[in-house]
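What follows is a short report on a single structure.
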Amino acid sequence: MSLISLSISELQAQFRSKAVSPVEALEALEARIQAVDGEIAGYLNRDYAAALKAAQNADVNLPLGGVPIAIKDLINVKGESCTCASKILQGYRAPYDATVITRLKAAGAIPFGRTNMDEFAMGSSTENSAFAITRNPWDTDRIPGGSSGGSAAVVAADEAFASLGSDTGGSIRQPAALCGCVGLKPSYGRVSRFGLVAFASSLDQIGPFSKTVRDSALILNAISGHDPMDSTCLNEPVPDFTAKLGRDLKGVRLGMPKEYFVSGTDPQVDQAVRAAIKQYESLGAEIVEISLPHTQHAVAVYYIIATAEASANLARFDGVRYGHRTAEASNILEHYGRTREEGFGPEVKRRIILGTYVLSSGYYDAYYLRAQKVRTLIRQDFARAFEKVDAIICPTSPEAAFKVGDRSEDPLRMYLADIFTIAVNLAGICGISLPCGFAQVEGKPLPVGLQLIGKPFAEAELLQIAHAYEQSTNWHKARPVIG
Ligand code: GLN
């Protein structure tokens, strides 16, 4: 296998035996990016000189020593751009490192490259970026998913060994599914959000994209844990997330939610996921039918809570403190209005308007408060299910990657892309997507993702269950033909 296709674990073995140096790995990566990123547009920019310096000084005995990791363009890396793929933050440079970056660096990793995304992480296709549309490496006429589409595409196209993204309603798991890589959303409070530009603060979590389940565990090891800079980051013990990998599945119970196996899911996706469930049975897991009765309300609840929080969080972009400032204002109100009109794209404006509406007096109780109550019911659905099962198994996305432009005019249809991922964020629990097959669409194979949902703070068990399946199949070894 070529150098750029290696998993982190394999790359580290090469580093430690001195067969390959971190500088050589970075050079190979840069050559690959130059060869294929014109077609993929996964990166917004990268600082090769800075990464090279870090690679020259890398200590390969550290847990992620010398490993370059691509970063979604909404996580602050000191001195680098952090645009959130928005015109309003064009030219902005991060004044500090996010906690996840401080920790990656302490583990020896090299943050390398800023990946494209939907503006402020609002979207499911990466078409809402103000700068570029990222393409799916399996079929460049199609979207990579979103909002972390860049982070998923660069891993799938071997333009990165791994990357970080953020997941508010599915933005790690859905693009991982559509691009055919592993994507992990940790439990709420597992990973510090300090230095992550906030979309919906009660839902956002940072997590890894990788080529293997083990690599996601390695990255989670590095970035997890209490942080006094984020009061929602819990002071829970951080286990070694690789510790349970390789254990068998005897006695493991997996729940199949009946609400997630309904018509509306693409038949090829449904088939691939059912085949994965069979495979789990043959590995010794017990499959149990469960019910998550409030599932039908998840999308509606999410689009009230997420937009409400976004409207408050995005108030800080006022042209005074950050990024873009209008040239044409004669008074302060006009200054705010014009700056935001010029700086934000249409989807972000739609969300701010929706969020402001649901929070306004007279509507607050009918929408926001009611949504919070239903959120509690959704959380209870999962708590009840987890009395019976160790993890939940279902599709990540109801369909494989769709064509660029196919959904842009229909926001509601776009919102349904996250129908299987959103409830996990509302409940604050963890979820992972991993490759489980292909749909053949117009003569091309398009990846299908399997979602496993775990109990709060049970990432070690979730990774164990994911790893057992991965190791019994070859799906994670498939690569798109590109370049
Ligand atoms: N697609 C969902 C949205 O548009 C989720 C995005 C995310 O997880 N950041 O809000």
Side-chain angles (χ1 to χ4, degrees), residues 71-75 84-86 115-129 134 143-152 163-179 183-188 191 193 196-209 298-311 313-314 344-355 358 371 375 396-399 401-402 406-408 410-433 449 451 453:
I71 310 292
K72 186 177 180 181
D73 203 32
L74 81 177
I75 298 172
C84 303
S86 179
T115 58
N116 195 22
M117 54 184 281
D118 285 302
E119 186 176 0
F120 285 104
M122 298 174 186
S124 307
S125 68
T126 314
E127 291 165 295
N128 294 338
S129 166
T134 298
I143 56 96
S147 65
S148 317
S151 288
S163 62
L164 289 187
S166 65
D167 191 312
T168 305
S171 279
I172 292 175
R173 290 158 289 155
Q174 185 258 12
L178 271 42
C179 289
L184 171 71
K185 185 205 93 77
S187 310
Y188 187 76
V191 176
R193 293 182 297 112
L196 165 75
V197 179
F199 164 10
S201 308
S202 78
L203 301 162
D204 300 339
Q205 255 322 264
I206 296 170
F209 288 89
V299 172
V301 166
Y302 171 84
Y303 278 95
I304 292 172
I305 292 175
T307 57
E309 293 183 13
S311 74
N313 275 326
L314 270 57
F344 290 136
E347 183 61 25
V348 174
K349 287 177 186 157
R350 176 159 38 240
R351 306 267 181 126
I352 293 173
I353 292 168
L354 268 171
V358 300
R375 179 177 187 174
T396 307
S397 160
E399 57 187 346
F402 47 88
D406 216 28
R407 303 288 148 86
S408 335
D410 189 349
L412 262 186
R413 240 179 116 205
M414 187 77 92
Y415 295 173
L416 291 174
D418 302 301
I419 193 146
F420 297 140
T421 49
I422 268 175
V424 171
N425 301 74
L426 291 168
I429 55 186
C430 54
I432 191 168
S433 180
Q451 181 175 220
I453 301 171

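Start at 1 and go down the list; that is how both ligands and their atoms are numbered. For the single chain, residues carry numbers from 1 onward in sequence order.
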Residue pair Tyr415 / Arg407, side-chain donor-acceptor N/O under 3.5 Å: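 Their side chains do not contain a donor-acceptor pair, so the 3.5 Å distance test is not met.
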Distance-only polar pair, side chains of Ser148 and Lys72, donor-acceptor under 3.5 Å: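 A donor-acceptor contact under 3.5 Å links the two side chains.
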Of all the heavy atoms in Gln174, does at least one lie under 4.0 Å from an atom in ligand 1?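 Heavy atoms of Gln174 never come under 4.0 Å of ligand 1.
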Does Gly123 have a non-hydrogen atom less than 4.0 Å from ligand 1?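 For ligand 1, residue contact (heavy atoms, under 4.0 Å) with Gly123 is present.
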Does a side-chain heavy-atom distance below 4.5 Å link Pro175 with Pro144?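 No, side chains not in contact.
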Can you list the steps and then say if Val424 with Gln451 is a side chain to side chain contact (heavy atoms under 4.5 Å, CB included)? CA-CA 11 Å; Val424 171; Gln451 181 175 220; 4.1 Å; yes
Any N or O of Ser171 that comes nearer than 3.5 Å to an N or O of ligand 1?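 In this structure, Ser171 places an N or O atom under 3.5 Å from an N or O of ligand 1.
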Is the closest N or O pair between Met122 and ligand 1 shorter than 3.5 Å?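 No, there is no polar N/O contact under 3.5 Å.
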Evaluate the ring planes of Phe199 and Tyr302, with Trp represented by its six-membered ring, and classify them as parallel (under 30°), tilted (30 to 60°) or perpendicular (over 60°).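 If you compare the ring of Phe199 with that of Tyr302, the planes turn out perpendicular.
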Numbering as shown, the atoms of ligand 1 that approach Ser147 to under 4.0 Å (heavy-atom distance):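 Reading through ligand 1 atom by atom, the close ones are 9 (N).
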With heavy-atom distances below 4.0 Å as the criterion, list the atoms of ligand 1 near Ala121.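 Once the distances to Ala121 are compared, the set is 6 (C), 7 (C), 9 (N).
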For atom 10 (O) of ligand 1, the protein heavy atom that lies nearest, with its residue and separation: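 In this structure, atom 10 (O) of ligand 1 has Tyr302 OH, 2.6 Å as its nearest protein heavy atom.
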Residue and atom name of the nearest protein heavy atom (relative to atom 2 (C) of ligand 1), distance in Å to one decimal: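 Atom 2 (C) of ligand 1 sits closest to the protein heavy atom Asp418 OD2, 3.1 Å.
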Shortest heavy-atom approach to atom 3 (C) of ligand 1 - which of Tyr415, Phe199, Tyr303, Phe120: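 It is Tyr303 that holds the nearest heavy atom.
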What's the shortest heavy-atom distance between Ala200 and Glu309, and which atoms?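 Where Ala200 meets Glu309 most closely, the heavy atoms are C-OE1, 3.0 Å.
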Testing the basics here: between Gly146 and Asp118, what is the closest heavy-atom pair and its distance to 0.1 Å?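 That would be CA-OD2, 3.7 Å.
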Checking contacts here: is it the side chain or the backbone of Met117 that comes within 4.0 Å of ligand 1, counting heavy atoms only? Could be both or neither.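 It is neither part, as no heavy atom is under 4.0 Å.
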